[in-house]
Amino acid sequence: MSKNKKRKSSLTLTIRRLFGLPEKETDILKEERMQSPFRTMVRNFVTNKAAMFGTIVFLLIFCTVFIGSAIYPLDINAQDTTQQNVSPGFDMLKIPSALKNNAQDVSVGSVFAVGVDRDGNLYQWGKLTDKLKKMPDADRKYVQVSAGLNHALALTDEGKVVTWGNDRLGLANIPLEVKDATDIKQIAAGYQVSFVVTESGNIYYWGNPNALTISIPEELQGQVDKVVLNLTTAFVLTKDGRVVMLSNSATPFANIPEEIQGNVVDIAANDRAVAAVTSDGQVYVWGTNDYGLFEVPAEVQGKAAAIAGGRFHFTVLTTDKTAVSWGNDTYGQSSAPALTNVSSIDSGYFQSYAIDENGNLTGWGLKGYLFGTDHYGRDIVLRMLAGGRMTMTIGAIAVIISTILGVIIGGISGYYGGWIDNLLMRFTEIVMSLPFLPLAIVLSAVVGNRLSEVGRISMIMVILGFLSWPGLARLVRAQVLSAREQEYVTAAKAMGIREFTLIFRHILPNVITVVIVNTTLAFATCLLTESSLSFLGFGVVEPNPTWGNMLNSAQSSDVIQDMWWRWVFPSIALSLAVISINLIGDGMRDAIDPKSNER
C-alpha cells in the first residue's frame with residue numbers, strides 16, 4: 001500500500017473514532033460495531049435541537065454575567081439622583097442635524113440637552129419628559145439657553161426669559177424683577193432652581209428654596225458677573241475678579257484660594273470641586289480631590305481661557321482653541337476629542353459639548369443606557385450582570401450541597417437497606433414535609449438580620465441546599481436498590497472490596513447520569529427559589545443585586561406601566577436562564593432513556 005493511501009486510511013480511521021463511527025464500512029450482512037453508553041448519550045443529546053438551543057442560551061447567559069461582571073465591576077453603593085428612571089436608549093448625544101453645523105449656544109441637562117442655532121431656532125434632544133417636549137413659542141428668536149435637572153431656560157433676542165419643563169416647586173414663577181429686566185446677561189438652570197444675572201451686576205433666583213443652600217448678600221448686588229451651580233450651592237464671579245460662594249456652610253467648597261481673588265476671569269463648579277481660571281491662564285481647583293480633579297492637565301496650565309463643569313469633571317477651552325477635559329471618565333465625558341478652532345464649550349452632568357468658529361457642534365460623554373436606570377439612578381445592565389452572577393452562584397452552591405447530601409444518604413440507604421434504610425427514609429420524609437418557602441422566610445427573617453451580608457448570602461445557600469436534597473436521595477436510593485443486585489456487585493463483594501468503595505466507586509458511577517439530570521433540573525428550581533426569596537425581601541437585600549430583588553421594586557402600577565425596563569429585562573434574563581436549564585435537563589433525560597423518544 002502506498003504512503004498516500006496509508007495516510008488517507010489513518011486519517012479516515014481517526015475521524016471515525018472521533019465521531020464514534022465504525023472503523024470500517026459495514027454492509028447489512030456484517031455485525032454493527034457497538035458504542036459506549038456515554039457516547040450514545042452524547043450523540044442523542046447533540047441531535048436534540050431543543051436541548052442544544054437551551055445549552056447555547058445558557059452558556060451565553062453564563063458567560064455574559066460572569067465575564068461581563070468581571071470586566072465591568074459594580075459599585076454596589078453607587079447611585080445618582082440625577083439619573084433616576086432613565087429609559088433605555090443611546091440618544092443623549094443625538095444632536096439634531098439642523099443644529100449640528102449651525103450652533104450658537106448649547107447647554108447640558110441631567111439626561112437631555114438644549115441648543116440654539118445662529119438663526120435663533122431652539123432645539124432639544126436626549127431623554128425628554130412630556131413637559132420638556134412642550135417647547136416655547138417657535139416664532140421667537142433665541143440667543144441663549146440653559147438646561148437643569150428637568151427644566152430649561154431660554155433668553156429671547158428681546159431679552160425675555162422663558163422656562164419650560166418641570167413647573168413645580170416654583171420653577172415656573174419667574175420673578176417680576178426678571179420679567180421687567182431689559183439687560184439680562186446670563187441665565188442658569190440648575191437643580192430645581194433658576195438664576196439670572198443682569199448686565200448691571202444683579203442676580204436673581206427662583207425655584208425650590210430647599211434645593212440649594214443659597215444666601216445672597218445685599219452688598220453683592222450690582223457686582224455679579226457670572227453665576228455657576230452644583231447640586232448643593234452656587235458661586236459667583238464678581239466684576240472685580242473675585243469668587244464668592246453663596247452659602248455660609250463650612251464645606252470644602254468654601255476654601256477659596258486667597259491668591260486668586262481679584263484675578264479670576266472664569267469659574268466652574270461640579271459636585272466635588274470648584275475651578276477658577278485666572279488672567280494668566282492658570283487653573284486653580286479646590287473642594288474635594290475625587291476622580292483626580294486637582295490634577296489639572298499640564299497642557300492646560302498657562303493656556304486656559306474658559307472653563308465648564310459637569311457632575312464630576314471639568315472641561316477647559318484653551319487659548320489654542322482646543323478643548324481639554326479631566327476628572328471622572330466613566331462614560332467618556334473626560335475623553336475630549338481632538339478639536340480645533342473651538343470657540344465655546346459647555347459641560348454638565350455626564351456630557352460635554354464644543355462649538356467651533358464655523359458653528360460645528362461636537363459632543364462627548366454619556367450616550368445613554370442600554371437597559372435604562374432604576375429609581376436610584378443605577379445602571380440596570382451592571383446590576384443585571386452582578387445580580388445574575390449572584391443568583392447563579394447561590395443556585396449552584398445550593399445544588400452542590402443538596403447533591404452531596406442526596407447522593408450520600410440515598411446511596412447508603414439503598415445499599416444497606418434494613419433499619420438504616422428505614423431510619424434515613426423517615427428522616428427524608430420529615431425534611432420533605434417541612435414547608436420549604438415559609439421555613440426559609442422565617443429563618444431568613446429571624447437569623448438573617450443578625451448576620452452580615454456575606455453571612456446572610458451564605459445562610460441562603462445553606463438553607464436551599466439542606467432543604468432540597470430529599471427528592472434526589474429517594475431517586476438515588478431507588479437506583480442503588482436496583483444496581484446492588486447486579487452481577488458486578490456480587491463479583492466485587494467476592495473480591496473483598498470495602499462497602500463504601502463499592503457504593504461510591506462501582507455502583508454510583510452506573511447511576512450518575514440520573515443524578516446529573518436531577519441536579520440540572522434542581523439548579524433551575526434553586527434559581528427560582530432564590531429569586532422568590534429575594535423578591536419577597538427575605539433573600540439577598542439591597543444594595544447587593546440579584547435578579548429577584550431587582551424585581552422587588554417593580555411592584556407598583558406606576559413602575560409596571562411607565563418604567564417597564566426595570567422589570568422586563570431582569571424577568572427576561574431569569575426566564576431564559578430557567579427555561580434553558582430545563583431544556584438541558586429534559587435533553588439529558590431523553591438522551592439517557594431512549595424509550596422516552598417513543599413516548
Side-chain angles (χ1 to χ4, degrees), residues 82 107-109 144 146-149 153 184-199 201-279 282-291 293-294 296 304-317 326-327 345-349 352:
T82 68
S107 181
V108 183
Q144 191 180 148
S146 181
L149 176 70
L153 298 175
I184 294 178
K185 178 181 180 181
Q186 181 200 2
I187 56 175
Y191 187 79
Q192 300 179 0
V193 294
S194 298
F195 280 80
V196 162
V197 176
T198 64
E199 293 284 357
N202 292 321
I203 183 172
Y204 305 97
Y205 82 99
W206 67 97
N208 183 3
N210 300 317
L212 302 183
T213 306
I214 296 295
S215 176
I216 302 177
E218 188 64 31
E219 61 272 15
L220 197 61
Q221 296 290 9
Q223 302 296 320
V224 179
D225 185 59
K226 181 179 180 180
V227 62
V228 295
L229 318 172
N230 60 20
L231 293 188
T232 57
T233 187
F235 305 84
V236 296
L237 172 63
T238 64
K239 293 182 178 181
D240 58 357
R242 295 183 299 111
V243 179
V244 179
M245 186 174 76
L246 300 183
S247 172
N248 297 322
S249 302
T251 66
F253 296 135
N255 300 324
I256 304 171
E258 287 295 332
E259 63 269 24
I260 69 171
Q261 296 290 32
N263 195 33
V264 179
V265 296
D266 197 13
I267 59 172
N270 64 32
D271 294 307
R272 292 292 186 270
V274 186
V277 176
T278 56
S279 57
Q282 298 292 321
V283 177
Y284 294 82
V285 183
W286 66 95
T288 304
N289 189 23
D290 292 338
Y291 309 110
L293 292 171
F294 287 9
V296 182
I307 191 167
R311 187 87 157 89
F312 307 117
H313 75 287
F314 288 112
T315 300
V316 160
L317 172 62
W326 75 96
I345 57 171
D346 187 82
S347 290
Y349 294 90
S352 295

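Between T315 atom OG1 and I307 atom CD1 the span is 8.0 Å, to the nearest 0.5 Å. Atom CG in D225 sits 11.0 Å away from atom CD1 in I203 (nearest 0.5 Å). Rounded to the nearest 0.5 angstrom, Q192 CD and L231 CG are separated by 9.5 Å. In this structure, the separation between CD on Q223 and CG on N202 is 9.5 Å, given to the nearest 0.5 Å.
Residues D240 and T238 bring a donor and an acceptor atom of their side chains to less than 3.5 Å of each other.
Note: F235 and F253 have perpendicular aromatic rings, judged against thresholds of 30 and 60 degrees for the angle between ring planes.
For the ring pair (Phe, Tyr, Trp, His ring centres under 6.0 Å) with W326, the qualifying choice from F312, F314, Y291 is F314, the only one to do so.
In this structure, A304 and V283 approach most closely via the heavy-atom pair CB-CG2, 3.5 Å. Heavy atoms only, all atoms of each residue included: A273 and L293 are closest at CB-CD1, 4.0 Å.
Within a 6.0 Å sphere centred on CG of N208, other residues, nucleotides and ligands contribute more than 12 heavy atoms.
Between T82 and L149, some side-chain heavy-atom pair lies under the 4.5 Å cut-off. At a threshold of 4.5 Å between non-hydrogen side-chain atoms, the residues Y284 and V243 do not count as touching. The shortest side-chain heavy-atom distance between Y205 and L246 does not fall under the 4.5 Å cut-off.
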